[in-house]
There are 2 protein chains.
Amino acid sequence: MLSKKTKYGLKALTFIARSGSDTPVQVGEIAREEQIPQKFLESILLSLRKTGILGSKKGKHGGYYLRKDPSEVFMTEVMRVLEGPIAMVPCVSLNFYEKCDDCPDEDRCSVNKLMIQVRDSTLEVFKNTTLKDLSDR
Amino acid sequence: MLSKKTKYGLKALTFIARSGSDTPVQVGEIAREEQIPQKFLESILLSLRKTGILGSKKGKHGGYYLRKDPSEVFMTEVMRVLEGPIAMVPCVSLNFYEKCDDCPDEDRCSVNKLMIQVRDSTLEVFKNTTLKDLSDR
DNA sequence: GCAATTCCTACTAAATCGATAGGATTAATA
DNA sequence: TATTAATCCTATCGATTTAGTAGGAATTGC
């Protein structure tokens, strides 16, 4: 299941990308338009800022803005920030690898092999989709 | 994240497929060999039986067996039983469709579009992988 | 009848999710 | 400089899900 955090995050990013203008977009506006609880959205945008996808301006007339062109914001990056590892098991994760405690031999593990395939096919989608693709349609 | 239930279930199915023989395989044996809590595994195999993937024999010398040849047990079926919907959001699920309450227009939803792609690519993997593939390697 | 097995129901501890609350900090502007 | 409006930060909380555990009923082979 996709978490609400990710769902809200993607919608917010799309909203910001669509706004186009240079002036930052405020949390309140996004929350209102996209029907997202404002306080929850605040924390989501904050994490997107901390990882460098968004920039922010504080104080009056502040808000959030994209730090790159939407066509350069890849879903691999966004999904890892919002949803965490793309792999379904840590032992096939490229960025968050961890050995399974219960699995003695990774090379002979049937789950491992299957999940590598799932990871690769999902990755392929995320690598080929940018925020521009999301906001265009 | 893949649930332990699914992981254990896949390992157990692989174990049964590898055993090859006609005599049913006992929960205790699988639990011991694959390091899975026995009582937990019982409930997992039970759900696989109820959906027709496994058959069982009760009483002494009882156990579980495959109802089809491993090459006919597709991961689509197994994953749906163990892990639930393959789609990451209900609004793109083929078998468990539900409209998003918070999303007024599905056709204009950027999340929707992205998740359809992820669903299709994952489905492609599961459609082309059978229990035979898992147990062969 | 006894032993070994699946089957069934109920319970529980821990983790995660989806928020909410309250205020500190910063910046524009009157 | 005071006010206002925004982001930033920390803490808390209820509900749900996960990963089991417990205990025994039902069934079968010997």
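All values below come from the heavy atoms of this structure, side chains included, with hydrogens, waters and symmetry mates left out. Chain naming here is simple, since letters A, B, ... match the order of the sequence lines and numbering starts at 1 in each. Nothing here was measured: the structure is a model prediction, and the numbers come from that model.
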Asks: How would you label the contact of A:K7 with the nucleic acid (heavy atoms, under 4.0 Å): base, sugar-phosphate, or nothing?
Replies: nothing
Asks: What protein N or O atoms touch nucleotides 16-18 of chain D N or O atoms at under 3.5 angstrom, if any, and at what distances?
Replies:
none

Asks: Sort and list the pairs that fulfil side-chain hydrogen bond (donor to acceptor under 3.5 Å, both in side chains) and have at least one residue in residues 32-51 of chain A, not counting sequence neighbours.
Replies: none
Asks: Of all nucleotides in DNA chain C with an atom under 4.0 Å from a non-hydrogen atom of chain A, which is the first and which the last going 5' to 3'?
Replies: C:dG18 to C:dT29
Asks: So, is A:R49 near the phosphate of D:dT7, with a side-chain N or O under 4.0 Å from OP1 or OP2?
Replies: no
Asks: Are side-chain heavy atoms of A:L45 and A:V27 found at a separation under 4.5 Å?
Replies: yes
Asks: Provide the closest heavy-atom pair for A:E29 versus A:V25 in the form atom of the first, atom of the second, distance.
Replies: OE1-CG1, 3.8 Å
Asks: Can you pull the ring-ring contact (aromatic ring centres under 6.0 Å, His included) pairs that have at least one residue in residues 34-56 of chain B, sequence neighbours excluded?
Replies: B:Y8-B:F40
Asks: Carefully, step by step, assess A:L131 and A:I53 under the rule side chain to side chain contact (heavy atoms under 4.5 Å, CB included).
Replies: CA-CA 11 Å; A:L131 187 52; A:I53 295 174; over 6 Å; no
Asks: Listed by chain and number, what are the side chain to side chain donor-acceptor pair (under 3.5 Å) partners of A:T14, not counting sequence neighbours?
Replies: B:S110
Asks: Would you mind writing out the side-chain donor-acceptor pairs for residues 70-95 of chain A within the sub-3.5 Å range, not counting sequence neighbours?
Replies:
residue: A:S71; atom: OG; partner: A:D69; partner atom: OD2; Å: 2.7
residue: A:E77; atom: OE1; partner: A:K68; partner atom: NZ; Å: 3.2
residue: A:E83; atom: OE1; partner: A:S3; partner atom: N; Å: 3.4
residue: A:E83; atom: OE1; partner: A:S3; partner atom: OG; Å: 2.9
residue: A:E83; atom: OE1; partner: A:T6; partner atom: OG1; Å: 2.2
residue: A:S93; atom: OG; partner: A:F96; partner atom: N; Å: 2.9

Asks: Who passes side chain to side chain donor-acceptor pair (under 3.5 Å) against B:K132, sequence neighbours left out?
Replies: B:D136
Asks: What are the residues of residues 83-97 of chain A, sorted by number, that bring a heavy atom to within less than 4.0 Å of DNA chain C?
Replies: none
Asks: With nearest nucleotides of DNA chain D determined for A:K60 and A:K50 from heavy-atom distances, which residue corresponds to the more 5′ nucleotide?
Replies: A:K60
Asks: Residues two or more places apart in sequence or in another chain: which of them pass side chain to side chain donor-acceptor pair (under 3.5 Å) with B:K7?
Replies: A:D102
Asks: So which one's nearest nucleotide on DNA chain C is more toward 5', A:K57 or A:Y8?
Replies: A:Y8
Asks: Is the count of non-hydrogen atoms from other residues, nucleotides or ligands lying under 6.0 Å from B:R67 atom CZ greater than 12?
Replies: no
Asks: Among pairs that include at least one residue of residues 107-120 of chain A, which meet salt bridge (Lys or Arg N to Asp or Glu O under 4.0 Å), considering only residues two or more places apart or in two chains?
Replies: none
Asks: So what does B:K58 hit on the nucleic acid, given a heavy-atom distance under 4.0 Å: a base, only sugar-phosphate, or nothing?
Replies: sugar-phosphate
Asks: Do any of residues 25-47 of chain A sit with a heavy atom less than 4.0 Å from DNA chain C, and if so which?
Replies: A:P37, A:K39, A:F40
Asks: According to the ring-ring contact (aromatic ring centres under 6.0 Å, His included) rule, which pairs have a member within residues 108-128 of chain A, sequence neighbours left out?
Replies: none
